[in-house]
Amino acid sequence: MQQSFLNLMQPYPQYWLMKSEPNSFSIHDLERLRKSSWDGVRNYQARNFMRDQMRIGDLVLFYHSNAKPPGVAGTARVCREAYPDFTTFEKNHKGFDPKSNPEKPIWFMVDVEFVEIFPRFVPLEELRRTKNLETLLVIRKGIRLSVQPVEKKHFEIIKQLGHKL
DNA sequence: GCCAACGTTGGC
DNA sequence: GCCAACGTTGGC
């Protein structure tokens, strides 16, 4: 109750950072598809952000994790709010989770649409040394959430870095 | 409810 | 490939 009231107080759009390993799904894949479900999140905190907070129109920093180098590759936009991650129901799918079923789904996903690939990739190392990004979660030690909230001012700084010549 | 063991993430 | 730091699981 309290939580949903607070949600109504949120200014929109909200801003997020979402990690994907480019080996399995990169921003180039999203550019080609234009739009994709964001399946495979298997962490409760990340799920809660998607299920309870993400709204259509929210903007997303598309982060390439486990890449050389890791960093922000571009942006995307939430175009469908949370619904059950159906890959958990498919026995032969990598995302299969026997504890989840269509009557009582555990895992959720949103859909995102392609916005842009930054003209200039912004590596993690640069985020670390950029002034005014000190509280950005992705550069904090020990934080490995694959879906994390980002402050608007941080989003804008990073977008600028991505466009800097 | 504690906590050890195990599995995963993800930078390096 | 290594490994630190997490998160989850399951025995008790």
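What you see is a predicted model, and the numbers here were worked out from it, not measured in a lab. Heavy-atom basis, side chains included; hydrogens, waters and symmetry copies ignored. To find a chain, count down the sequence lines: A is the first, B the second, and so on, and within it residues start at 1.
Note on A:Tyr44: every side-chain N or O is 4.0 Å or more away from OP1 and OP2 of C:dC6.
Put simply, the side chain of A:Arg42 reaches to within 4.5 Å of the side chain of A:Asp85, judged on heavy atoms.
A:Arg34 pairs by the salt bridge (Lys or Arg N to Asp or Glu O under 4.0 Å) definition with nothing, not counting sequence neighbours.
Ring centers of A:Tyr15 and A:His154: at least 6.0 Å apart, outside the cut-off. Residues A:Trp38 and A:Phe62 place their aromatic rings such that the two centres sit under 6.0 Å apart.
Remark: P of C:dT9 and CZ of A:Arg42 are 12 Å apart, rounded to the nearest angstrom. Distance, A:Lys19 NZ to B:dT9 C1': 8 Å, rounded to whole Å. In this structure, the CG atom of A:Asn66 is 13 Å from the C1' atom of C:dC2, given to the nearest Å. Put simply, CD on A:Glu21 is 7 Å from P on B:dG10, counting in whole angstrom units. Straight-line distance from the CD atom of A:Glu126 to the P atom of B:dG11: 16 Å, rounded to whole Å. Across the protein-nucleic acid pair, A:Leu124 atom CG and B:dT9 atom P stand 18 Å apart, rounded to whole Å. Between the P atom of B:dT9 and the NE2 atom of A:His64 lies a distance of 17 Å, rounded to the nearest Å.
Heavy-atom contacts from other residues, nucleotides or ligands closer than 6.0 Å to NZ of A:Lys159 number 12 or fewer. For CD of A:Gln160, the number of neighbouring non-hydrogen atoms (other residues, nucleotides, ligands) closer than 6.0 Å is 12 at most.
Within a heavy-atom distance below 4.0 Å of DNA chain C, the residues of residues 136-146 of chain A found are A:Lys141, A:Gly142, A:Arg144.
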